[in-house]
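Working notes, beginning with the structure itself.
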Amino acid sequence: FPCFHLFPQAHGILDGSLLQGDPGLSLERLDLEKKYPFIPALYLDYSGFEYLLDTSKYVDGVHQLVIEAVDGNAKHNYWVQRAVVFDNVN
């Protein structure tokens with residue numbers, strides 16, 4: 001389960017290419033304790049993240065977004081991988 005506060009850095013990858021800027025990690029997610037009561041709060045309370053991306057630089061349609069967390073030993077872990085849809089108003 002994502003435990004971003006244990007990882008010192010992360011990167012955003014869109015359609016296989018590294019994005020500019022890094023995601024904000026360790027955002028508070030107190031709502032997850034009710035959804036996953038069997039997981040210790042240590043792993044849930046600050047497991048949120050955000051990534052601000054200017055989608056106008058990309059074509060409309062479905063893209064693959066990956067948030068790659070990197071631990072202190074430089075081991076890479078792909079925590080989040082999702083299809084996202086860009087629908088920019090021109």
Side-chain angles (χ1 to χ4, degrees):
F1 199 86
C3 188
F4 289 120
H5 62 283
L6 300 178
F7 292 88
Q9 63 178 206
H11 309 288
I13 300 168
L14 184 69
D15 298 334
S17 297
L18 188 63
L19 295 169
Q20 295 293 322
D22 293 326
L25 302 178
S26 301
L27 301 180
E28 193 170 51
R29 288 293 309 267
L30 299 178
D31 60 308
L32 295 178
E33 287 185 44
K34 289 181 181 178
K35 188 172 183 178
Y36 302 102
F38 51 89
I39 298 176
L42 165 71
Y43 297 104
L44 298 175
D45 289 350
Y46 293 93
S47 62
F49 72 94
E50 69 179 357
Y51 197 94
L52 302 177
L53 177 65
D54 180 2
T55 62
S56 68
K57 298 178 182 179
Y58 302 94
V59 298
D60 288 347
V62 178
H63 299 271
Q64 188 67 29
L65 176 66
V66 176
I67 302 298
E68 177 190 30
V70 183
D71 69 13
N73 295 320
K75 294 180 183 175
H76 297 73
N77 298 286
Y78 295 93
W79 287 116
V80 177
Q81 185 171 353
R82 294 214 173 113
V84 294
V85 177
F86 296 167
D87 185 16
N88 297 296
V89 178
N90 295 321

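Nothing fancy with the numbering, it's 1 onward along the sequence.
- One finds the OG1 atom of Thr55 at 3.5 Å from the CG atom of Asn88 (value rounded to the nearest 0.5 Å).
- Minimum interatomic distance between Ala83 and Val62 (heavy atoms only, all atoms of both residues): CB-CG1, 4.1 Å.
- Atom CG of Leu19 sits about 7.5 Å away from atom CD1 of Ile67, to the nearest 0.5 Å.
- At a threshold of 4.5 Å between side-chain heavy atoms, the hydrophobic network of Ile, Leu, Val, Met, Phe, Trp and Tyr places Tyr58 and Val84 in one connected group.
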CA sep, side-chain torsions, deciding dist, call: Leu14, Tyr51, side chain to side chain contact (heavy atoms under 4.5 Å, CB included):
CA-CA 12 Å; Leu14 184 69; Tyr51 197 94; over 6 Å; no
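- Side chains of Ile13 and Leu65 form no contact here, defined as non-hydrogen atoms less than 4.5 Å apart.
- Applying the salt bridge (Lys or Arg N to Asp or Glu O under 4.0 Å) test to pairs two or more places apart or on separate chains, those with a residue in residues 29-39 are Arg29-Asp31.
- Closest approach of Phe49 to Leu27, counting heavy atoms only: C-CD1, 3.7 Å.
- Hydrophobic clustering, with ILVMFWY side chains joined whenever heavy atoms are under 4.5 angstrom apart, groups Phe38 together with Leu42.
- Distance NE2/His63 to CG/Asp15: 5.5 Å, rounded to 0.5 Å.
- The side chain to side chain donor-acceptor pair (under 3.5 Å) check on Ser56 picks up Asp54, with sequence neighbours excluded.
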